[in-house]
Amino acid sequence: MAISPPSDLVLDVVKAADPLEVQAAQDKLKANQAAFAANSLAEAGKGFTSAVDILDRAVGKTGLSDGKNRTTKTEEVPETYRKFEAMVLQNFIKNMLPSDSEEVYGKGATGDIWKGMMAEQLGNEISKGDGIGIAKQLYQDALKKQEGKVANASTDQDDRNMAMSMIDEFQRKTFGTTTADNKSANDA
C-alpha cells in the first residue's frame, strides 16, 4: 500500500478540522480566486472599469449627459426620491445588460455580483442628473397631495358601491357561492 505523506496529512487535518472553519477557508479561497480573475480581466482591458469607460464614451457621443443643458434644478428633488429612482433604474439596467458576457463580469455568482454592482452604479449616476423623471414625478405628486390638490383622490358613493359589488362578485366566483348561499349566511 503506497502512501503519499503530504496529501494524507492534509486529508487527515481536513477531516479533523471543524466543518465551519473548513467552509470558511474554502470561501476565502474562492474569493481570492474571483479577485484574481477580476484583476486578470482588468489587466487585459476587459474588466469593470473598461466597460464603464466604454459606456461613458458612448454617453459623451450622444450628448445626453454633458450637464450643461439641464433645464430643471436637480437639487429640488429630495434624496429619498432619487434613491428610489436609482433602484428602479438599477433593475431596468441589470435586465438590459447582456447575460452572456463572462469575459466582462466573470463566471457564476461572482459575475452576477459584478453585473449587479455595475447596474447599481449606472442607476445611481443616471438618477443624480435629471434621471428619467420618476423621482421628480413622485415628488410633485407628494407636494400636490400635501396641498390637497391630488386628482382622483376622492370617490363618490356610486364608485364605492360599484367597487363593493365587484368585490362581492369576485368573492362569489372564487369561493363558488351563490346569492342564495350568501343570503342564508347573512340571515344566520
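Since the model is a prediction, treat every value here as computed from it, not as a measurement.
Taking a 4.5 Å side-chain heavy-atom cut-off between Ile, Leu, Val, Met, Phe, Trp and Tyr, the cluster of L20 contains only that residue. Taking Ile, Leu, Val, Met, Phe, Trp and Tyr as members and joining any whose side-chain heavy atoms lie under 4.5 Å apart, directly or through other members, L29 forms no hydrophobic cluster with any other residue.
The side chain to side chain donor-acceptor pair (under 3.5 Å) test applied to Q140 returns no partner, not counting sequence neighbours. Remark: E120 pairs with no residue by the salt bridge (Lys or Arg N to Asp or Glu O under 4.0 Å) rule, at least two apart or across chains. Not a single salt bridge (Lys or Arg N to Asp or Glu O under 4.0 Å) links E21 to another residue, sequence neighbours left out.
Expressed to the nearest 0.5 Å, how far CZ of R82 lies from OH of Y139 amounts to 10.5 Å. Note that NZ of K83 is 8.0 Å distant from OG1 of T80, once rounded to the nearest 0.5 Å. Here the CD atom belonging to E147 is positioned 6.5 Å from the CG atom belonging to L143, to the nearest 0.5 angstrom.
Residue M166 is tested with M164, E169, M162 for a side chain to side chain contact (heavy atoms under 4.5 Å, CB included); the sole match is M162.
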task: Would you please test T174 and Q171 for side chain to side chain contact (heavy atoms under 4.5 Å, CB included) and show each step?
output: CA-CA 5 Å; T174 302; Q171 287 176 343; 5.6 Å; no
Atom pairs and distances, side-chain donor-acceptor, residues 85-97, under 3.5 Å, sequence neighbours left out:
{"from": "E85", "atom 1": "OE1", "to": "A135", "atom 2": "N", "distance (Å)": "3.3"}
{"from": "E85", "atom 1": "OE2", "to": "I132", "atom 2": "N", "distance (Å)": "2.6"}
{"from": "E85", "atom 1": "OE2", "to": "G133", "atom 2": "N", "distance (Å)": "3.1"}
{"from": "E85", "atom 1": "OE2", "to": "I134", "atom 2": "N", "distance (Å)": "3.4"}
{"from": "N95", "atom 1": "ND2", "to": "N91", "atom 2": "O", "distance (Å)": "3.2"}

